[in-house]
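Everything below concerns the one structure shown next.
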Amino acid sequence: MSARSLRVALVVGSLLALQLILLNELSIGTVHPDLVWTLPLAAGLLGGARFGALFGFGVGLLFDLALPTPFGLTALVCCLVGAVIGKFAERGMDAEVGPMIPVFAALSSAAAVLAFPVLAIVIGNSDLVKAPLLAIIEVVAFTNALLAVPVVGMLRWAGGREGFGTSLKAQPAW
Amino acid sequence: MARARHSRRTTFTVVALVLASLTILTVNARGGSSASGIRGFFQDVTHPFVAGARTVLRPIGNFMAGSVNYGQLRDENARLRYSLGKLQQQAAINSISSAQLTQVLALEHLSFVGSTPTVMARTIDIGRSNFTATIMLDKGRSSGVLVGMPVVGSGGLVGSVVATSAHSATVRLLTDASSAVSVAFGTMTTDQAIAHGEGPGAALTLLYLPTGTPITKGSLLLTSGLQGGVYPSGIPVGTVMSSSSVAGAGGVDVIVQPAADLSNLGFVDVLQWTAGS
């Protein structure tokens, strides 16, 4: 296992621990922050669509282990978030996007929260639509806007000098 | 050329991953046990670390809350709420005359209510997902907690066990959108309906009751014991908050406040009761 893989595992493990130990305890009403959506965002921005999708899928499966929702659903949504954000990044938004990361995080988190129950319907589970979606979007989008910059920074550190090199663009400039 | 090849490769990867996700979801939805087994293993491995870290971090949180003894007081408060809930549960059951209760129990041959063995468990996690209403308990298969067992606490029914590992269990609360409980009400508790969960934090509902159903604000709903024996009978489920006519349908929708205080579930009892037992 390369040093880069170890650093990536360390970052993902730390963020999973942060979610389970701290963020799950910080509920506002019945809603708590959910940083899982920031990981495919960071991967897409740093590595492009293919890396974003692969990383999102893997991270989603890991978080699925800790969640009571249908197994594989988080992986599916994370995969799509990583691919879409990565596509934007490949089209030239990555170099100048630094100050816009919180905005992208809020928008992609809101989209992920909406996609989650909608995709669940596809597999025949319509119960998740009854969740308080508006409250979830407010809390998750706001907290992920705050968390996204450090998460992107951590993943960029994990990528080291070589980065995640699947993007057609050069290394992000921010 | 390179860009086109890269684009095709990316599209192929994303499609393959989406298909893989859908396959996993479908296999799991059809009752595949591998995912629950892996999840159980994951819970058993991570639980000690998560619990330990929370124990270490708790004093910091307590300090920030401005009270040195806050943690002990919170634990004591949770225990007192648990005891109070048990008393409220008993009082609610007693509010229906014992003669009626005896009659109902005799009718349904459910004489085991009240003697069911229980496992007291501590809630170690509340609402891991924003989309479901679940809690996690610190007792699992090694303590005799099995999938399907009812969970009670703080005044009434809390939910049922939906997944277990060796040392933990996941409980689906009444308020979860996939929860449905057969309830009985009325002077002789002979009228029945299904109480549906409406998502985390929301009240329960009884939908499309026939007009004239004898149900009023404050009515107590108990588990009916029917529904294929998912729950034993006689456990308080909730009290009626309001009812409203359904326009054009000739029926009544009823909003029900859960009898259990689902926002304070420090400790609960798992009834070692399974369907058919």
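Here is how names work: the chains are called A, B, and so on, in the same order as the sequence lines, proteins then strands, and each is numbered from 1.
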Where on [X] is there a heavy atom nearer than 4.5 Å to chain A: the side chain, the backbone, both, or neither?
| X | result |
| --- | --- |
| B:D125 | side chain |
| B:Q43 | side chain |
| B:T132 | side chain |
| B:F131 | both |
| B:R9 | both |
| B:T13 | side chain |

Show the nearest heavy-atom pair for residues [X] and [Y], with the distance to one decimal.
| X | Y | answer |
| --- | --- | --- |
| A:D127 | B:A177 | O-CB, 3.2 Å |
| A:T30 | B:N130 | O-OD1, 3.9 Å |
| A:H32 | B:G127 | NE2-O, 2.9 Å |
| B:V14 | A:C79 | O-SG, 4.5 Å |

- For chain B, which residues of residues 128-136 of chain A have at least one non-hydrogen atom nearer than 4.5 Å to it? A:L128, A:K130, A:A131, A:P132, A:L133, A:I136
Heavy-atom pairs under 4.5 Å with chain B are the metric here; pick the option from [options] that has the most.
| options | value |
| --- | --- |
| A:D64, A:V122, A:T74, A:L80 | A:D64 |
| A:G124, A:A120, A:A75, A:P68 | A:P68 |
| A:I123, A:L61, A:V31, A:L20 | A:L20 |

- Query: Highest number of heavy-atom pairs under 4.5 Å with chain A: which of B:V50, B:I24, B:L17?
  - Reply: B:L17
- Query: Picking from B:S21, B:A16, B:G199, which has the most non-hydrogen pairs under 4.5 angstrom with chain A?
  - Reply: B:S21
- Query: Is the number of heavy atoms from other residues, nucleotides or ligands within 6.0 Å of CZ (B:F42) greater than 12?
  - Reply: yes
- Message: With a 4.5 Å cut-off on side-chain heavy atoms, are B:F41 and A:L65 touching?
- Response: no
- The interface call for A:F71 against chain B, heavy-atom contacts under 4.5 Å, is both
- Query: Side chain, backbone, both or neither: which part of A:F116 has an atom under 4.5 Å from a heavy atom of chain B?
  - Reply: side chain
- Message: I'd like to know if the side chain of B:R128 reaches the main chain of A:A66, judged simply by a donor and an acceptor atom lying under 3.5 Å from each other, with no hydrogens or angles considered.
- Response: yes
